[in-house]
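Right, one structure below, let's go through it.
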Number of protein chains: 2
Amino acid sequence: MNILIVHAHNEPKSFSSALKDLSLNHFLTKGHEVIVKDLFEMEFNPVPQRSDFKTVLHPDYFHYMKEQVYAFQNNGFSDELTQEMNDLEWADLLIINAPLWWSSSPAILKGWFDKVLAMGFAYHPRDKKFETGVFKNKKAFCCFTAGGSEAAYSEGGENGDIDMVLYHINHGTLYYCGFEVLPSFLTWRTHLSDEATLKGYLDQYQQFLDNLDNAQKLY
Amino acid sequence: MNILIVHAHNEPKSFSSALKDLSLNHFLTKGHEVIVKDLFEMEFNPVPQRSDFKTVLHPDYFHYMKEQVYAFQNNGFSDELTQEMNDLEWADLLIINAPLWWSSSPAILKGWFDKVLAMGFAYHPRDKKFETGVFKNKKAFCCFTAGGSEAAYSEGGENGDIDMVLYHINHGTLYYCGFEVLPSFLTWRTHLSDEATLKGYLDQYQQFLDNLDNAQKLY
């Protein structure tokens, strides 16, 4: 199996990075192929710009999605984005590994969604989305480290149920592109946790990965 | 009244930009003060980095939120971020004006949230959030142009109810910082709309702004 881990934490010694390393080692040990995209290390630029394309559809009006479709039809993405798209096509499983900032992706990860999940390539709102999505033969899940508590992200909690909070990513982004979306792996308040709690999270993630084949899909 | 419009569309001729201009002119005509932050024009960098701070709390471990708190306590934000924070403090009303990309903010806008709504300055998870939030005397609302249809973003629609989709912004971000969050103004599929439909949206937005004082808060 081919696994793509898209990692978006600025600190290599963070717990999010430790979870990324755990999944990397897990899949390598099992004989799978793994590519890690460390977006901060790559200095991935999340801001849409003309240089994302070798082609130009409308020189006087920059409609990003229309330029994406035109680039897709004319082999016109930048070399950097073409590489990202090739690696995503190669993958059977996509893991999104990041801290949860403002109930969502850090901007650098959001920009990876905005640019790599390009209209034409990753979806088309007319006929390639959800159950007819481009990546319907691939799986995906998120591994987020949240700063809040599990209670705060439960139904009735002050931050709202985590499945509702993550709906815009799990359903609105990953499932929109056709991925079979597995449950997210979440940790809570690791910046305030002691060593035993952190060790417990690593053990839980190992079990989560061991049982991935049996996971019931969210979407 | 002081109004801050944070605008995040890459194309000045876009309909999102027309809505921004409409609100700008509306409030200026009424004698209010308005500042527009055109994040693309400003080349706002949404990626967290050491240069966001003049201070350094932990040189060997970059925990962004802890650096934010330390910078807040020691006047240590970069001049650029200090200016953003001053302008936000100045505002009585914040308008988020952007296209809806992947059921969320464009990355450049997400980065503005990540960096300007800094821990310490805009919230503290212990005691300054929601009804005790820093900006509890300010109002905010979002003006989003969505690529999908209104039906798709309704309850039971394929994209999910828009209030649930936007929960991570309206509740998880704006209300978290204490803002009184007003209903969002939304347009649908404007890239496929004829002139009459677009004119109708501008009229609707004008009415929305005219009636803002009577709007019932979402959160």
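In what follows, chains are A, B, ... by sequence order, proteins preceding strands, each numbered from 1. No hydrogens, no waters, no symmetry mates; every other heavy atom, side chains included, goes into these values.
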Legend entry - Residues A/Glu67, A/Arg50: salt bridge by 4.0 Å N-O rule: yes
Legend entry - Which portion of B/Tyr153 sits near chain A, non-hydrogen atoms under 4.5 angstrom: neither
Legend entry - chain A interface, residue from B/Gly148, B/Ser104, B/Pro12 that has the most non-hydrogen pairs under 4.5 Å: B/Ser104
Legend entry - Toward chain B, the part of A/Glu158 with a non-hydrogen atom under 4.5 Å: both
Legend entry - Electrostatic pair B/Asp60:A/Lys13 at N-O distance under 4.0 angstrom: no
Legend entry - Lys NZ or Arg CZ of A/Lys115 over A/Phe44 ring: under 6.0 Å, within 45°: yes
Inset, instruction - State, with a plain yes or no, whether a side-chain heavy atom of A/Val6 is found less than 4.5 Å away from one of A/Leu88. - result: no
Legend entry - Top of A/Lys66, A/His63, A/Met65, A/Gln49 for chain B proximity - count of heavy-atom pairs under 4.5 angstrom: A/Met65
Legend entry - Identified side-chain contact (heavy atoms from CB on, under 4.5 Å) partner of B/Phe121 from the options B/Gln73, B/Gln68, B/Glu84, B/Glu89: B/Glu89
Legend entry - Portion of A/Tyr175 that has a non-hydrogen atom of chain B nearer than 4.5 angstrom: neither
Inset, instruction - Name the region of B/Phe62, side chain, backbone, both or neither, that has any atom closer than 4.5 Å to a heavy atom of chain A. - result: both
Legend entry - Top of B/Asp114, B/Leu109, B/Ile169 for chain A proximity - count of heavy-atom pairs under 4.5 angstrom: B/Asp114
Inset, instruction - Assess the side chains of B/Thr197 and B/Asp194: does a donor N or O sit below 3.5 Å from an acceptor N or O? - result: yes
Legend entry - Option that, when pairs with chain A are counted at under 4.5 Å, heavy atom only, ranks first among B/His191, B/His9, B/Glu11, B/His171: B/Glu11
Legend entry - Greatest number of heavy atom pairs closer than 4.5 Å to chain A - which of B/Leu39, B/Val165, B/Val47: B/Val47
Legend entry - Under 4.5 Å from any heavy atom of chain B - which part of A/Pro125: neither
Legend entry - Flag side-chain contact, heavy atom, 4.5 Å: B/Ser184 against B/Phe141: no
